[in-house]
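Some notes on the structure that comes next.
Numbers here simply count residues along the sequence, with the first being 1. Atom set for the values below is all heavy atoms of this structure, side chains included, hydrogens, waters and symmetry mates excluded.
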Amino acid sequence: MTPRLGLPADVDAITNVIIQAMPLDPQWDYRFPWRHEFPEDHYKYTRMLFEYFLDPSYDDWLVMVAEDSLEPGDARQIVAFGVWDVSFANKRIHGPTYVPQDPVTDVEENGGSTRRDANHEHFDAFWKGQIKEYKKVFSPIGPEQMHMQILATLPEFQRRGHGTSLCRWAMETVRREHLKDLSVMASPMGYELYTWLGFRCVEQFYIQVPGEDEKLTIEAMIYKPGR
């Protein structure tokens with residue numbers, strides 16, 4: 001169960017995974033409450049985001065995939081994937097003030113700002129809230145770190161170890177590259193896995209639009225490798 005590098009040709013399979021898996025996470029309903037009314041927008045802009053993540057020229061980002069089949073002998077397919085911010089490599093070359101590529105903004109500037117499946121107030125609050133928290137709790141650590149952006153597994157392949165294998169790949173990369181830590185903004189869906197793997201919660205924070213009762217609870221978590 002060894003993950004492999006995600007390739008541009010994997011974009012449709014990865015889009016399928018995230019569209020099926022992420023609705024189990026509360027933040028997906030919070031950001032995309034009208035995805036059933038506008039499935040074409042939901043697919044288009046979700047796919048566009050992963051086109052950026054998988055583009056070799058976007059080398060601040062790395063996608064790893066896990067493959068499996070439901071029955072022995074069946075064709076293997078992509079059933080899980082993770083996305084990591086690996087901009088530490090470019091920061092080593094260009095210095096700590098290097099600004100990483102931003103696929104989310106690129107999608108917004110290429111039609112995503114008018115997508116009909118999204119609650120744009122919630123979307124902005126979610127994205128900007130995570131950036132603010134990252135700057136508060138992780139930026140002071142410095143550039144020598146990796147950040148887990150997304151981890152998703154098809155529902156029928158969950159609890160088979162795919163999320164664990166992807167996380168362990170990242171944890172080993174942190175050790176091999178002599179980085180200070182691996183961080184993640186964990187929703188309730190991922191919190192148990194990350195805790196079991198040895199991540200610790202640095203701070204709990206909330207995503208909430210002013211004046212609304214609805215909010216998301218997120219844990220800023222960190223894994224520090226043993227030396």
Side-chain angles (χ1 to χ4, degrees), residues 3-25 27-68 75-91 93-94 98-120 122-124 126-128 130-131 134 146-155 157 162-163 165-167 169-170 173 183-185 187 190:
R4 68 162 175 85
L5 180 67
L7 303 172
D10 297 323
V11 64
D12 288 321
I14 290 173
T15 303
N16 175 61
V17 172
I18 198 165
I19 285 178
Q20 291 193 52
M22 291 307 291
L24 300 173
D25 191 318
Q27 57 98 346
W28 209 249
D29 277 338
Y30 185 79
R31 292 195 289 157
F32 305 115
W34 300 299
R35 62 186 183 277
H36 299 300
E37 287 81 358
F38 301 102
E40 63 278 15
D41 279 23
H42 194 57
Y43 186 87
K44 175 182 177 180
Y45 293 108
T46 301
R47 188 183 192 278
M48 185 186 296
L49 177 64
F50 284 92
E51 287 177 335
Y52 284 117
F53 280 137
L54 290 161
D55 186 336
S57 69
Y58 274 65
D59 57 354
D60 289 325
W61 301 92
L62 191 66
V63 180
M64 298 295 290
V65 303
E67 296 175 308
D68 200 355
R76 292 167 64 83
Q77 61 176 313
I78 293 173
V79 301
F81 71 91
V83 179
W84 286 270
D85 176 344
V86 293
S87 58
F88 69 87
N90 275 325
K91 289 172 182 175
I93 297 170
H94 303 291
Y98 171 81
V99 178
Q101 300 138 348
D102 185 356
V104 173
T105 297
D106 290 335
V107 171
E108 288 289 286
E109 293 176 349
N110 283 279
S113 62
T114 60
R115 60 190 296 176
R116 296 168 296 173
D117 59 328
N119 180 317
H120 290 279
H122 287 186
F123 187 96
D124 289 345
F126 180 81
W127 190 242
K128 292 175 182 177
Q130 290 200 85
I131 292 173
Y134 185 94
M146 272 177 65
H147 183 74
M148 186 187 305
Q149 188 74 15
I150 304 168
L151 184 70
T153 303
L154 283 173
F157 288 92
H162 297 299
S165 69
L166 288 161
C167 288
W169 170 86
T173 300
S183 59
V184 64
M185 302 295 188
S187 70

Start with the C-alpha gap between Y58 and D106, add the side-chain angles, then the distance that decides, and say whether side-chain contact (heavy atoms from CB on, under 4.5 Å) holds.
-> CA-CA 11 Å; Y58 274 65; D106 290 335; 2.6 Å; yes
Between CD of E67 and NE2 of H162, what distance do you get to the nearest 0.5 Å?
-> 10.0 Å
Considering all heavy atoms, the nearest M146-A170 contact = CE-CB, 4.2 Å
Are side-chain heavy atoms of H36 and H42 found at a separation under 4.5 Å?
-> no
Given M64 and L5, is the side-chain contact (heavy atoms from CB on, under 4.5 Å) satisfied, shown in steps?
-> CA-CA 5 Å; M64 298 295 290; L5 180 67; 4.1 Å; yes
Identify the heavy atoms of L151 and C167 that sit nearest to each other, and give their distance.
-> CD2-SG, 3.7 Å
Contact check, side chains of H122 and P33, non-hydrogen atoms, under 4.5 Å = no
Under a 4.5 Å cut-off applied to non-hydrogen side-chain atoms, are S57 and Q101 in contact?
-> no
Rounded to the nearest 0.5 angstrom, the CG-CE distance for D29 and M22 is 10.5 Å
Heavy-atom closest pair, residues N119 and Y30 = CB-O, 4.0 Å
Indicate the atoms forming the closest heavy-atom contact of L54 with P8, along with that distance.
-> O-CG, 3.5 Å
When you check the side-chain N and O atoms of Y43 and D12, is any donor under 3.5 Å from an acceptor?
-> yes
side-chain contact (heavy atoms from CB on, under 4.5 Å) assessment of V83 paired with F50 = CA-CA 9 Å; V83 179; F50 284 92; 3.8 Å; yes
Can you tell me how far the CZ atom of F157 sits from the CD1 atom of I78, to the nearest 0.5 Å?
-> 12.0 Å
Check G111 against Y45 and note the closest heavy-atom contact, atom names and distance.
-> O-OH, 3.3 Å
Gap between atom CG of D60 and atom OH of Y52 - 0.5 Å precision | 14.5 Å
With side chains defined as the heavy atoms from C-beta onward, is the minimum distance between I150 and V63 less than 4.5 Å?
-> no
Is there side-chain contact between W61 and D85, with at least one heavy-atom pair below 4.5 Å?
-> yes
Can you tell me how far CG of D55 sits from CG of L7, rounded to the nearest 0.5 angstrom?
-> 12.0 Å
Quick one: do D41 and R115 make a salt bridge, cutoff under 4.0 Å?
-> no
F53 side, atom CZ; D10 side, atom CG - distance, nearest 0.5 Å = 15.0 Å
With T15 as reference, evaluate M48, R47, K44, E51 under the side-chain contact (heavy atoms from CB on, under 4.5 Å) test and give the passing residue.
-> R47
Closest heavy-atom contact between G112 and H120?
-> O-CE1, 3.4 Å
For this output row, return yes or no: ring centroids of F126 and F123 closer than 6.0 angstrom.
-> no
Indicate yes or no: at least one non-hydrogen side-chain atom of L49 is less than 4.5 angstrom from one of V104.
-> yes
Taking the side chain as C-beta and beyond, is there a heavy-atom pair between R31 and W127 under 4.5 Å?
-> no
